2 protein chains.
Amino acid sequence: MTENLPKVRAPSIRDVARLAGVSHQTVSRVLNNHPSIRESTKARVLQVMDDLQYRPNRAARALSRGRSRTIGILSAQSTEYGPASSIAAIQDAAREAGYYVNTANLTTVDEESIEAALMHLMLQAVEGIVVIAPQVRVFDVLEQLSITVPFVSLQSTGHLDDHALSVDQIAGARLATRHLIDLGHRRIYHLAGPQDWIEAEARMRGFLDEMWAMDVPTTAPILGDWTADFGYRAGRELFSRPDFTAIFSSNDQMALGLMHAARDAGLGIPRDISIVGFDDIPEAAHFWPPLTTVRQDFEELGRRCVALLLSNLPGNEPIADQEPVLPRLIVRDSTAPPSF
Amino acid sequence: MTENLPKVRAPSIRDVARLAGVSHQTVSRVLNNHPSIRESTKARVLQVMDDLQYRPNRAARALSRGRSRTIGILSAQSTEYGPASSIAAIQDAAREAGYYVNTANLTTVDEESIEAALMHLMLQAVEGIVVIAPQVRVFDVLEQLSITVPFVSLQSTGHLDDHALSVDQIAGARLATRHLIDLGHRRIYHLAGPQDWIEAEARMRGFLDEMWAMDVPTTAPILGDWTADFGYRAGRELFSRPDFTAIFSSNDQMALGLMHAARDAGLGIPRDISIVGFDDIPEAAHFWPPLTTVRQDFEELGRRCVALLLSNLPGNEPIADQEPVLPRLIVRDSTAPPSF
DNA sequence: TGTTCACATGTGCACGGTCACAAGTGTGAT
DNA sequence: ATCACACTTGTGACCGTGCACATGTGAACA
């Protein structure tokens, strides 16, 4: 590791000012490209900056302006495809807008952990927070701590308000369910996500709504944990007494586990059982069989999310209401009419 | 969004000091739990802090101390399971150590993009950088910009030095290759990652080394892009003239694509072709057939990475050399002896 | 030629901490 | 009673930038 022992201080605007023969304020004006600066002066200052390899000190800037230009992300399950894609998109969009991003991961979802993560973000003086850990409890804690910065939540019910932005999960779930019903299925199970995930709840609601609307009797959804492992275990049990012809899984990973269990039970997909997933992860097209699923545009979501959040920051102008991001049904080979 | 119009300034140490009847310096001492402070004074100050909901201002602290307590992550493909897991682990470990983390994603791998991302990090005055975008070019740029902060790279050749820390990719690849050879395969293809990824190169080297050591003739590896889609396309071509009995894919996603293509071509796995992957993503156990692969402990890697980086920061004591993180072969059902 | 005004630039302080140094207090030894 | 010394606390400057305000300059106009 290279280390300059003489401990040279990084050049400041005053260093630049001295060498350029101007005042530090002029340098500051160049930095913030203030309109009324003579071109020649500006050029000279820029030249010196370049020579000195000057880099503005962010801490000083944040201190004097009282703004950190940082937004925080509060996330859970950040290793999964959906959240990871959104996070990446958020970071890119924020960087584009000149903001820094700081992510706090939730390992567990107890109140203490949520509080610790939020504190971590607040200590950084984030100007806004994006929540991608859509457990119901997170919002309780947010209110409880009386967080004063604006926040936006990804993945919610599809209902748009100041705080929420999402793919319309309910519509997506209805799409998937309707697809199965249209194929002729009448005994359809739903493998849902964890109970306290708003997202899981929305998909479940979409499923139940559509079943109700189409007048198809339903059974209670099974609550899972998003993992393929869980899907497999749930599948082992379900396929031991197959009193149904289709399953709508609330994500692709659990659907994968289900298909694995179906093979173990000697059931053909889609011959004996139809399966629909949710998310359309890049691997879904290569599952066996290729999975019919609901596609969400996570990147688009991340971008819009940043736009919405930034528009809520003081000093920025509010943007117009956004249309919801609509999900799309991708029909592949894991669904077919039931074989009676 | 709640907004206090009176624009109340957040309380500072001087506010706390005034109310506690002490000097601002005493408050500062409490904050940094300096040894010689009377218990009663400390208690009083803490009480006032609590009353005022005082939160130290990070910018001011960073400015006066000249340390940001922030580390940067430079990453590419951050939506994939491996990198995402490591990133999450790094964030957790850093937060535990009292550091903040800022991530810059690489969308493209041209020099300009790398430079922009690095600049973004340097502008934040990160004290160290973790590189998880192990393209060869990244390091060129790092040197070229004469980045002065310590940096550590994840996923390298398995050779440990000040800058690199990784699962021993070469050993992992040898493990996978040896497994195929031990089963009796002699015509083995390798589906590698992108050429400029150090990681891909290491796995390729491991493959070639083992083939050479076991005296098995090899063909040139195919260069892929890590995606299941690529694996599928490569597979379509390969399986049209199956002059081989096994493939070692340098990650699980491409292996998935290969298996998809094999099914399309009417080839049984492992009956006609054996396939080994790399990474052991959580879904691999549920592929059809369940995938034999090499497991890497990404979390462990992330944690160690932070430990190594922090130990290289001025002021912290260097930690002892770490042992390499060893990969493990996970044998499932996608490999079997060749059927002649 | 003096006045007005826009433009260009400079001066000094504030932001909220930390640091170096000074100073006050109490205890025990002489 | 005096002194040394450890412990506790206070004072003022400083980190690098941006802001409010002051000032200097030249052109347009009366």
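Excluded from the calculations below are hydrogen atoms, water molecules and symmetry mates; all remaining heavy atoms, backbone and side chain alike, are included. Worth saying up front: this structure is predicted, and the values here are computed from it rather than measured.
The side chain of B/R38 has D/dT9 as its nearest neighbour among D/dG18, D/dT9, C/dT9. When distances run from any side-chain atom of B/I37 to the nucleotides C/dT18, D/dT9, C/dT11, the shortest one goes to D/dT9. For B/I13, the listed nucleotide lying nearest its side chain is C/dT18; candidates were D/dG16, C/dT9, C/dT18. Side-chain atoms of B/Q25 lie closest to C/dA20 of the nucleotides D/dT17, D/dC15, C/dA20. Of the candidate nucleotides C/dT18, D/dT17, C/dG16, C/dG16 has the atom nearest to the side chain of B/A60.
Residues A/L118 and A/I129 meet the side-chain proximity criterion, which asks for heavy atoms closer than 4.5 Å. No side-chain heavy atom of A/R14 sits under 4.5 Å from any side-chain heavy atom of A/R18. Between A/I13 and A/Y54 the shortest side-chain heavy-atom distance falls below 4.5 Å.
As judged by a 4.0 angstrom heavy-atom cut-off over every strand, B/V22 is placed among residues touching the sugar-phosphate backbone only.
Between the P atom of C/dA20 and the CG atom of B/N32 lies a distance of 13 Å, rounded to the nearest Å. At whole-Å resolution of the value, NZ in B/K42 and P in D/dT8 are 11 Å apart. Distance CG (A/N33) to P (D/dG18): 11 Å, rounded to an integer number of Å. Distance NE2 (A/H24) to P (D/dC19): 13 Å, rounded to an integer number of Å. Remark: C1' of C/dG16 and CG of A/N57 are 14 Å apart, rounded to the nearest angstrom. As a whole-Å value, the separation of A/L123 CG from C/dG17 P is 11 Å. Between the CZ atom of A/R61 and the P atom of C/dG16 there is a distance of 18 Å, rounded to whole Å. The distance from atom CZ of B/R67 to atom C1' of C/dC19 is 15 Å, rounded to the nearest whole Å.
In terms of heavy atoms, A/A97 sits closest to A/R69 at O-NH1, 3.5 Å.
No side-chain donor-acceptor contact under 3.5 Å links A/Q124 to the backbone of B/R58.
Projected onto DNA chain C by closest heavy-atom contact, A/S64 and A/H34 fall at different nucleotides, the more 5' of which corresponds to A/H34. Taking for each of B/E39 and A/P11 the nucleotide of DNA chain D with the nearest heavy atom, the 5'-most of the two is the partner of B/E39. Residue whose closest nucleotide on DNA chain D sits further toward the 5' end, between B/R65 and B/S36: B/S36.
Residue B/R29 places a side-chain atom within donor-acceptor reach of the base of D/dG10, judged by atom type and a 3.5 Å distance cut-off alone. Counting distance only, with no hydrogens placed and no angle test, the side-chain atoms of B/R14 and the base atoms of C/dG17 include a donor-acceptor pair under 3.5 Å.
For the pairing with A/Y99, the side-chain contact (heavy atoms from CB on, under 4.5 Å) check across A/L310, A/V306, A/I90 returns one residue only, A/L310.
Residue B/S12 has no polar side-chain atom (N or O) positioned under 4.0 Å from OP1 or OP2 of C/dG16. OP1 or OP2 of D/dG10 lies within a sub-4.0 Å distance of a side-chain N or O belonging to B/T26. Taking 4.0 angstrom as the limit, A/S23 places none of its side-chain polar atoms (N or O) nearer than this to OP1 or OP2 of C/dT9.
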Protein-nucleotides 25-27 of chain D N/O pairs closer than 3.5 Å?
none

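Contacts of A/D92 classified as side chain to side chain contact (heavy atoms under 4.5 Å, CB included), with partners at least two apart in sequence or in another chain: B/N105, B/T107. In terms of the ring pair (Phe, Tyr, Trp, His ring centres under 6.0 Å) criterion, B/H24 has no residue partners (sequence neighbours excluded).
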